[in-house]
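Comments concern the structure below.
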Amino acid sequence: MEKQPRLLCSRLLRGHTQVEVALNNSVLGWKDTDRSRKRSSGFSSLSGTAHSHVVPVCEIVAVCKTEDDNTKKKKLGSQLYPHAFTVSYVSRTRQHQWCCSDVTFHSADLTLCEQWIQVINEQLSLLTNRPRSLLVYINPFGGKQRGTRIYEQKVAPLFRRACISADVIVTERANHARDHLKTEASLDKFDGVVCVGGDGMFSEILHGLVTRTQTDHGVDQNQPEAELVPCSLRIGIIPAGSTDCICFATVGTNDPVTSALHIIVGDTQPMDVCSVLHDDVLLRYSVSLLGYGFYGDLLTDSERKRWLGPARYDLSGVKTFLSHKCYEGTVSFLPAGDDVGNPRDELLCRSGCHVCQRKASSNGKRRELSAEKETVCGLGVIRGKFIAINAASMSCACPRSPQGLSPYAHLADGTTDLILVRKCSRWDFLRHLLRHTNQDDQFDHSFVEVYRVRMFRFLPRDQEPVSLEDQSETGLEKTASGPMCSVQTTSCSKAHSSWCCDGEILPHAAIQVSVQCQLIRLFARGIEEQQQCVSEDPCTLWAPEPNTH
């Protein structure tokens, strides 16, 4: 890699120690000059010593002049260093958490100090992906009702330090944020939308922003084959809910400060969105879990126990498990191509995921996919009795299930992982559920099937078309079939479950789901594989510059 020229390099004071500070287009670094002089071989490795540090320029939060007072005057021999500037930057701690750290450098020269501030700010101004103005919605009722306090105490100070202006709206009712985004918000003034709350609050922002975008572009969301227009504004999530599954699956932690810093540095993570329709009417959008049977029954029961708070999920989970109901119906789906792998390929979706990046480069083929849907070549059809039918558009990882429902699902590959749990014993189903909490392959059961799909449809048994052939069919059938067309409802009165869609109950059991590839973008970068990486060898910062005299 070609060495980047240094923009600045100075001897400054940090604490009581003299350091050499250097800056180029990519990184800011400093090293202890006293210790480096003692090394006969010179300064050769930053990673091997605790007395040097490198920060990517893209992860600098802000730089400012440090107020001069007696406590910040440091002596080195007889020389005073009365002038100082402070750099705030992203520092990684543990379990994907970030914090904002500060380093202060002192100088005897005011002009030099001001030059450092100017040059660093010039480099930050070149980072055009950073937001300058945000529309913030705070849910004061979600989770443990901490949203307002979390924002005011942990997030707003960081936004102010980074010179980000924020228009804050504290929601007063359900769907307040959704309705405001759909009709009233002046989105041209903002670089992004931030929700402070849980997954429900994020869903409001998602529906409001996607609907507004389609309305502005004249797209009919109720058309199953409609090619939806991607949203131009990114969405930031400040976790303040009960589970915060979406934040955990895209950042790796449910820490408000970490999420705020991802917003400040302007990270971008595209995400797929599933459109869920019934009889050509849009019901909802989904980005995480669609669950029928077990999870649908669990959510339905928990809604009757809201007074219990988050504990209602545990109680309803036990009750639903003991009831051990199964439901009959037909699942038809369009399998994904080989270019996106399969749900058991052990390819984790991480920051810079090559599967999602490859999909982004091939988004021009979406019209070809629409033609493929019309011919439905290779459509899979499965009839049977199911304890659970789940569609996971992301891993759905959370603190209780670190691997999630589908550990190798991808955030932005244009697919969802369809998981079918057939009728089995209560003990077998428990074995399947327990594998959500450990490293074992949760799909390694004879009664579990998983497919990576681009779209699917489900019909409960009482809404299947009546024919002698259908009445006699049992078990598994995978065939080429005709288009996914609507069917007439029969008079059969067999019971059916409800769909859980990202924590909300859908009013219909018969649904059609289409994956909209990379419809939205988050202020995130995906879960990082390593705690820190610098694209350039930091040692080149202190390599001798070519003689220009």
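Predicted model, so just to flag it, every value in this text is computed and none were measured.
No side-chain heavy atom of Ser91 sits under 4.5 Å from any side-chain heavy atom of Cys100. Within the 4.5 Å cutoff, side-chain heavy atoms of Ile382 are placed close to those of Arg422. Between Glu303 and Ile505, the closest side-chain pair of non-hydrogen atoms falls below 4.5 Å. Side-chain contact check for Leu28 versus Val87: some heavy-atom pair is nearer than 4.5 Å. Residues Val251 and Leu522 fail the side-chain proximity criterion, which asks for heavy atoms closer than 4.5 Å. Contact check for Cys500 versus Ser498: no side-chain heavy atoms found under the 4.5 Å cut-off. Within the 4.5 Å cutoff, the side chain of Leu7 has heavy atoms near those of the Asn25 side chain. Looking at Tyr451 and Leu420, their side chains come closer than 4.5 Å, going by heavy atoms from C-beta outward.
Among residues at least two apart or in separate chains, salt bridge (Lys or Arg N to Asp or Glu O under 4.0 Å) pairs with a member in residues 406-421 are Asp417-Arg452.
Asn24 contributes a side-chain N or O that, together with a main-chain N or O of Val27, makes up a donor-acceptor pair within less than 3.5 Å. The closest donor-acceptor contact from the side chain of Thr250 to the backbone of Cys247 lies under 3.5 Å. Arg160 places no side-chain N or O within donor-acceptor distance of the main-chain N or O of Val155, the cut-off being under 3.5 Å. Under a 3.5 Å cut-off, the side chain of Asp216 and the backbone N or O of Thr213 do not form any donor-acceptor pair. When atom types are taken as modelled, the side chain of Glu204 and the backbone of Ala177 share a donor-acceptor pair closer than 3.5 angstrom. Asn390 places no side-chain N or O within donor-acceptor distance of the main-chain N or O of Ile419, the cut-off being under 3.5 Å. Not a single donor-acceptor pair under 3.5 Å links the side chain of Thr437 to the backbone N or O of Ser401. Looking only at distances, a side-chain donor or acceptor of Gln518 sits under 3.5 Å from a matching main-chain atom of Ala412. Counting only distance, with no hydrogens or angles, the side chain of Asp502 and the backbone of Leu289 share a donor-acceptor pair below 3.5 Å. Without hydrogens or angle criteria, Ser259 side chain to Ile238 main chain gives no donor-acceptor distance under 3.5 Å.
A search for side-chain contact (heavy atoms from CB on, under 4.5 Å) contacts involving Leu282 returns Gln221, Asn222, Ser275, Leu277, Tyr285, not counting sequence neighbours. The side-chain hydrogen bond (donor to acceptor under 3.5 Å, both in side chains) search around Asp167 returns none, not counting sequence neighbours. Applying the ring-ring contact (aromatic ring centres under 6.0 Å, His included) rule to Phe294 yields the partners Phe429; only residues at least two apart in sequence or on another chain are considered. Ser203 pairs by the side-chain contact (heavy atoms from CB on, under 4.5 Å) definition with His207, Arg284, not counting sequence neighbours. Annotation: side-chain hydrogen bond (donor to acceptor under 3.5 Å, both in side chains) contacts of Asp297 (sequence neighbours excluded): Tyr327, Ser497. For Phe447, the ring-ring contact (aromatic ring centres under 6.0 Å, His included) partners are His445, not counting sequence neighbours. The ring-ring contact (aromatic ring centres under 6.0 Å, His included) check on Phe105 picks up Trp30, Phe85, with sequence neighbours excluded. Checked against ring-ring contact (aromatic ring centres under 6.0 Å, His included), Phe443 has no partners two or more places apart in sequence or in another chain. A search for side-chain contact (heavy atoms from CB on, under 4.5 Å) contacts involving Leu348 returns Arg350, Tyr408, not counting sequence neighbours. With sequence neighbours left out, Leu187 forms a side-chain contact (heavy atoms from CB on, under 4.5 Å) with Leu135, Leu181, Ala185, Leu209, Arg212, Leu233.
In plain terms, the two heavy atoms of Leu228 and Val219 that are nearest each other are CD2-CG1, 3.8 Å. Nearest heavy atom pair, residue Val61 against residue Arg130, reads O-NH1, 3.8 Å. Across Ile164 and Pro131, no two heavy atoms sit closer than the pair CG1-O, 3.5 Å. Of all non-hydrogen atoms in Pro224 and Ser514, the two that sit nearest each other are O-OG, 3.9 Å.
A donor and an acceptor atom, one from each side chain of His176 and Tyr137, are nowhere located under 3.5 Å apart. Side-chain contact of Ser406 with Ser395: a donor-acceptor pair under 3.5 Å is absent, judged by distance alone. Residues Thr86 and Thr104 have side chains that bring a donor and an acceptor to within less than 3.5 angstrom of each other.
Each of Leu283, Ile389, Val513 was scored for a side chain to side chain contact (heavy atoms under 4.5 Å, CB included) with Trp499, with one residue passing: Ile389.
The pair Arg435-Asp441 does not count as a salt bridge, with every side-chain nitrogen at least 4.0 angstrom from each carboxylate oxygen. A salt bridge links Arg525 to Glu528: at least one charged side-chain nitrogen sits closer than 4.0 Å to a carboxylate oxygen. Salt-bridge annotation for Arg454 and Asp272: absent, with no side-chain N of the basic residue lying under 4.0 Å from a carboxylate O of the acidic one.
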Next item on the list: Take Thr171 and His180 through the side-chain contact (heavy atoms from CB on, under 4.5 Å) test and state the conclusion after the steps.
Entry: CA-CA 10 Å; Thr171 59; His180 184 262; over 6 Å; no
Next item on the list: Go through the steps to decide whether Asp267 and Arg521 satisfy the test salt bridge (Lys or Arg N to Asp or Glu O under 4.0 Å), and finish with yes or no.
Entry: CA-CA 10 Å; Asp267 279 336; Arg521 295 176 299 149; over 6 Å; no
Next item on the list: Applying side chain to side chain donor-acceptor pair (under 3.5 Å), run through His436 and Gln442 and close with a yes or a no.
Entry: CA-CA 7 Å; His436 294 339; Gln442 56 196 273; 2.7 Å; yes
Could you list the donor-acceptor pairs under 3.5 angstrom formed by side chains in residues 189-199, with sequence neighbours left out?
from: Asp191; atom 1: OD2; to: Arg132; atom 2: N; distance (Å): 2.8
from: Asp191; atom 1: OD2; to: Ser133; atom 2: N; distance (Å): 3.1
from: Asp199; atom 1: OD1; to: Cys245; atom 2: N; distance (Å): 3.2
from: Asp199; atom 1: OD1; to: Ile246; atom 2: N; distance (Å): 3.3
from: Asp199; atom 1: OD2; to: Thr243; atom 2: OG1; distance (Å): 3.3
from: Asp199; atom 1: OD2; to: Cys245; atom 2: N; distance (Å): 3.0

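The structure places CG of Asp440 at 10.5 Å from CZ of Arg431, a figure rounded to the nearest 0.5 Å. If you take OG1 on Thr320 and CG on Leu315, they are separated by 9.0 Å, rounding to the nearest 0.5 Å. For the atom pair CD (Glu227) and CD (Gln214), the distance works out to 10.0 Å, reported to the nearest 0.5 Å. For the atom pair Arg178 CZ and Asn175 CG, the distance stands at 3.5 Å (nearest 0.5 Å). To the nearest 0.5 angstrom, Phe321 atom CZ is 4.5 Å from Leu430 atom CG. Taken to the nearest 0.5 Å, the CD1 atom of Ile527 stands 10.0 Å off from the OG atom of Ser351.
Checked against the 6.0 Å centroid threshold, Tyr89 and His53 count as a close aromatic pair.
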